[in-house]
Amino acid sequence: MVNGAIAVSGAKMNGADLSPWAVLGLAARMLARDWRAGEQRLLALALIVAVASLTTVGFFADRVGRSLTSEANQLLGADLVVVSDKPMAARFVLEAERLGLETTQAVRFPSMTQFSGRSLLTEIKALAPGYPLRGKLRIRRSDGVDTAPGGIPAAGEVWVDDRLLRRLEVHIGERLALGEREFVVAAMVSEEPESSAGFLNLGPRLMMNALDLPATRLIQSGSRVSYRLFVAGSEGAVAAFRQFATQAADPGQRVEDIRDARPEIKSALERAGRFLGLSALMTVILAGVAVALAARRHLQRHLDACAIMRCLGASQRLILSLHAAQFVMIGLVAGVLGCALGFACQFVLASVLAPIVKVSLPAPGLMPMVQGMAAGFVMLLGFALPPLIALKSVPTLRVLRRDLGTPNAMSLSAYGLGGGAVAGLVLWQAQELKLGLTVLGGILGTAALSSVLTLLVLMLLSTFGNGAGLNWRFGLANLRRHRAGTVIQVMALGLGLMALILLTLVRSDLLDTWRQSLPADAPNRFLVNIQPDQVPAIEQFFADNHVPPPQLFPMVRGRLVEINAKPVSSRDFVDDRARRLVDREFNLSWAQTLQPGNVIVEGRWFSSGDSGKALLSVEEGIAKSIGVKLGDSLTYDIAGSRLTAEIVSLRKVAWDSFRVNFFVIAPPGVLEKFPASYVTSLHLAAERSVLLDTLVKRFPNLLVIDVAAILAQVQRVM
């Protein structure tokens, strides 16, 4: 820095005499000298890593988001879809035809497919002619060539995806069982609307002709079925039909178009982007610590040189311009290198997530690069401003008195700008105020705790360190003399350790700790869609195979239509969860005794005298969501009949126990007259899982949900 002072003196200039180009040239020479000394390398490296972390996530999320937007109609399979939980009403089809729109229909539901003694939970799609109206459908037959089929599977044939082929070890041309029928696997689906995004698609898929569906006898009372009407045509006709369908939709029916196509994919992408962004913020926090320490080091090393420059005639404006130019140069170079590194890393991220994000990704846009550069400069200037304030204000008398010119109260308070910059980045990346404030609270708490502990340790060392050796006394005296610097460095180390420990816990221990908290015999299989006449045979099946028969729970599906005799619909609620709960059918059950994992928090459980009385016990979470309390009455529409009952208790349910639980339970004698199916959960060792294949072969309508397989898939996704 002395060379810089000599250059200023030799030129006999003050800040007003130097041209902008001369200031830039002198700043570049000063930066080159500091770079060779290694002083600015940590600062530049920290910025590169921070910008690269943010742009990696930004580039990837931008590519997937733009792909979903550009191909929304292909993801939907039409211009508009009416989704219903009961067979599609004729009024929708008639209105679409009146408006001159193309239509086709599909039925979607989960079921078990079987091959060679093995069974697999599969997403079934029964198609009508004309599917899809938009998007691409491509299949691969035994010749291995991808072709557009020009239709749907022929009667007696099915098309499956590669996951079903792999997991059942079935080949094209072989026959698999679906319900009470066998079908020829005629082709593998290589590209399909409604699943081309494939994000978090947990199950394999199968397409069949809708004419074959009745013969399988898979749709029974209690089956979870989604009926879909696909519509395509001119923009004006589609808009008119949307208006009609929105007004004509009954509870359990909704309308989707290209503006809200695949909301579950969009929601999953937003959550994934938020999680990845917060992970990147851990890197930003560490980088911010490094930038703060490097900026403080820059201040300390240049105080003497700036004092000499002031003595030789340099103005405050010139000193500020020279050092500001250095920071801007570092920011530009580090930002460009960070964006380039982020651009390269996002391809790696895309390849890692390729099995679950099967979209055709377009080239990245420029906005993530702009955002990354902006974030880098916000962080850099937030931490660089305090030393700039201190350096431009250093007094000339410091050449004689080294104690002058150290950071004053104004420059120390300016470090709040750095913290504000990081806080702004956290809130921006979190995209949610509560989540952002939680992260900021953790940062501030760690910083405060580190500072208090550091001051406490320094106080104790001052008290008990006098008897130490000479070297220790000098070292301790130096720590006390630079108390503020010591606190800042320990606080920075604490923040860095917090970030690393948090990432380690989230990455390695979250699922493991949760799974270890479950008992060894926790249920790992669910059996769903058991019909009443099958209950004795299923209980006998388990007894014959020396498996303790699991408890079977009755389940009646009903839709909430009134609260306290007042009609309700999803439009009456603002909360998203409440709207979803009211818009779908509830699973109701009856029981005489309270299940393990259920605790009464308000009211009372049913007594023996309550049998046959219209009473209800409601889970407290759902009660809060829909705004009901003890004494309120709920009316359900069950298979065309209505049931009104009073709430007499609220329960807290341990949902993570993997036992069968229900939102709403009635005493015996209330729901038995309605159509019901049964559900159960059980623990089955891996070596005995073949029993369930035999069970499904005897009862093809059963659904077997393998919880262990789902947990493994979630772990792979994470």
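Because the structure is a prediction, the values reported are computed rather than measured. Only this structure's heavy atoms are used, side chains among them; waters, hydrogens and symmetry mates stay out.
- Between the CZ atom in R29 and the CG atom in L322 there is a gap of 10.0 Å [rounded to 0.5 Å].
- Of all the heavy atoms in M329 and A28, the pair that sits closest is CE-N, 3.9 Å.
- Between the CZ atom of R651 and the CD1 atom of I622 there is a distance of 10.0 Å, given to the nearest 0.5 Å.
- Taking CZ of F59 as the start and CE of M367 as the end, the distance is 11.0 Å to the nearest 0.5 Å.
- The neighbour count for L456 CG, taken as heavy atoms of other residues, nucleotides or ligands under 6.0 Å away, is above 12.
- Between L47 and F377, the closest side-chain pair of non-hydrogen atoms is not below 4.5 Å.
- Scanning all heavy atoms of the two residues, the minimum distance from A27 to Q326 falls at O-CG, 3.7 Å.
- Under the 3.5 Å distance criterion, the side-chain polar atoms of Q595 are left unmatched by any main-chain donor or acceptor of N598.
- Residue E619 is tested with L650, N661, V653 for a side-chain contact (heavy atoms from CB on, under 4.5 Å); the sole match is V653.
- In this structure, the separation between CG on L43 and CD1 on I48 is 10.0 Å, given to the nearest 0.5 Å.
- Rounded to the nearest 0.5 Å, atoms OG1 (T55) and CG (L341) are 7.0 Å apart.
- Counting all heavy atoms, side chain and backbone alike, S681 lies closest to R659 at OG-CA, 3.9 Å.
- Taking OG from S450 and CG from L455, the interatomic distance works out to 11.0 Å, rounded to the nearest 0.5 Å.
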